Amino acid sequence: KAGVTQTPRYLIKTRGQQVTLSCSPISGHRSVSWYQQTPGQGLQFLFEYFSETQRNKGNFPGRFSGRQFSNSRSEMNVSTLELGDSALYLCASSLWSNQPQHFGDGTRLSIL
Amino acid sequence: KQEVTQIPAALSVPEGENLVLNCSFTDSAIYNLQWFRQDPGKGLTSLLLIQSSQREQTSGRLNASLDKSSGRSTLYIAASQPGDSATYLCAAGTGANSKLTFGKGITLSVRP
């Protein structure tokens, strides 16, 4: 059974640009969550989607947005990139709430 | 607001030792508590999930316990091996959705 797949693995952008990250969950999983991991703040919740609906959102500015498609694949978008957005972005999927979450290997975003 | 703490930040032990990793959380109204392992440059690997109604879960050499009343969880690793070297994170699920609040992790080094 294929795991959670995130693409691309690495991205380099400059300030002011925008970026789109993609996540394909484990087959059959309907919940997809996104997290930002930095050395200083650790892992912080961005948002969660279930059946194409955003169910919860973390404390991030509106520049961070996401969506989920009918096949449960999800994308997150960051506009007007800032240096502080440099981080490892992790996607996790689960069958439904209160079930083990399975993470992808992440997309490492570097802002120059 | 849920806060999760893991102390110490780093731990070094000789191979073969049994060890306990601690995790504390401030809000006892959790749905579940999940332990993860993260290897350098990788995503998170789910180790154990304890539902709020459970006291412990076991998988191989790993045993995780949960005490909601005291706001604590422990991960017990029996007969540690160099391959156990990694960062171990605990995360509390505090809503009906899949949002997890993470600790900063404990970086474990097992010396041959």
Side-chain angles (χ1 to χ4, degrees), chain A residues 3-7 9-10 21 23-26 29-51 53-60 66 68 72 74 87-108 110, chain B residues 1-10 23-25 27 29-54 57-59 62 64 66 68 75 86-107:
Chain A
V4 178
T5 304
Q6 292 188 247
T7 56
R9 288 295 313 278
Y10 303 93
L21 313 182
C23 172
S24 293
I26 291 172
H29 285 195
R30 297 169 64 187
S31 171
V32 175
S33 300
W34 289 89
Y35 293 83
Q36 180 196 66
Q37 186 177 31
T38 59
Q41 298 298 317
L43 274 147
Q44 293 183 286
F45 174 79
L46 281 157
F47 29 65
E48 186 227 357
Y49 287 86
F50 186 90
S51 294
T53 300
Q54 186 183 90
R55 291 203 301 189
N56 203 353
K57 190 177 191 304
N59 190 26
F60 279 82
Q68 186 180 33
S72 292
S74 177
L88 179 66
Y89 290 87
L90 292 163
C91 166
S93 76
S94 62
L95 272 171
W96 52 79
S97 299
N98 214 21
Q99 293 297 306
Q101 292 197 36
H102 301 273
F103 282 75
D105 281 340
T107 294
R108 184 162 297 281
S110 299
Chain B
K1 177 189 171 189
Q2 178 73 271
E3 293 183 2
V4 178
T5 303
Q6 294 182 258
I7 295 173
C23 170
S24 61
F25 47 92
D27 185 351
I30 62 171
Y31 277 65
N32 57 57
L33 193 292
Q34 195 165 357
W35 282 91
F36 295 90
R37 166 186 174 140
Q38 186 173 32
D39 293 287
K42 293 287 191 178
L44 279 63
T45 300
S46 177
L47 298 174
L48 290 164
L49 178 141
I50 312 174
Q51 303 290 359
S52 62
S53 58
Q54 298 173 321
Q57 282 287 327
T58 298
S59 176
L62 305 179
L66 174 63
K68 284 177 55 178
L75 179 67
T87 297
Y88 290 81
L89 299 113
C90 69
T94 51
N97 51 51
S98 298
K99 176 183 176 181
L100 294 175
T101 302
F102 281 86
K104 292 284 181 72
I106 298 173
T107 299

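Proteins come first, then strands; the chains are lettered A, B, ... in the order of their sequence lines, and each starts at number 1. FYI, side chains are in, hydrogens and waters are out, and symmetry mates aren't considered; it's all heavy atoms of this structure. Quantities reported herein were computed from a predicted structural model and do not represent experimental measurements.
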B:Phe25 side chain reached by B:Leu33 side chain, heavy atoms, under 4.5 Å: yes

Validation row: B:Gln51, B:Leu66 side chains within 4.5 angstrom (heavy atoms): no

Do the non-hydrogen side-chain atoms of A:Tyr35 and B:Leu44 ever get within less than 4.5 Å of each other? no

Which atoms of A:Leu43 approach chain B - backbone, side chain, both or neither, heavy atom under 4.5 Å: both

Looking only at A:Pro100, A:Gly106, A:Gly42, most heavy-atom pairs under 4.5 Å shared with chain B are made by A:Pro100

Check side chain to side chain donor-acceptor pair (under 3.5 Å) between A:Gln41 and all other residues, then give those that pass, not counting sequence neighbours. none

Take the angle between the ring planes of A:Phe103 and B:Phe36 and call it parallel below 30°, perpendicular above 60°, tilted in between. perpendicular

Which atoms of A:Phe50 are under 4.5 Å from chain B, going by heavy atoms: the side chain, the backbone, both sets, or neither? neither

Of the backbone (N, CA, C, O) and the side chain (C-beta and beyond), which part of B:Leu89 lies under 4.5 Å from a heavy atom of chain A, both, or neither? side chain

Counting only heavy atoms closer than 4.5 Å, note whether B:Lys104 contacts chain A via side chain, backbone, both or neither. side chain

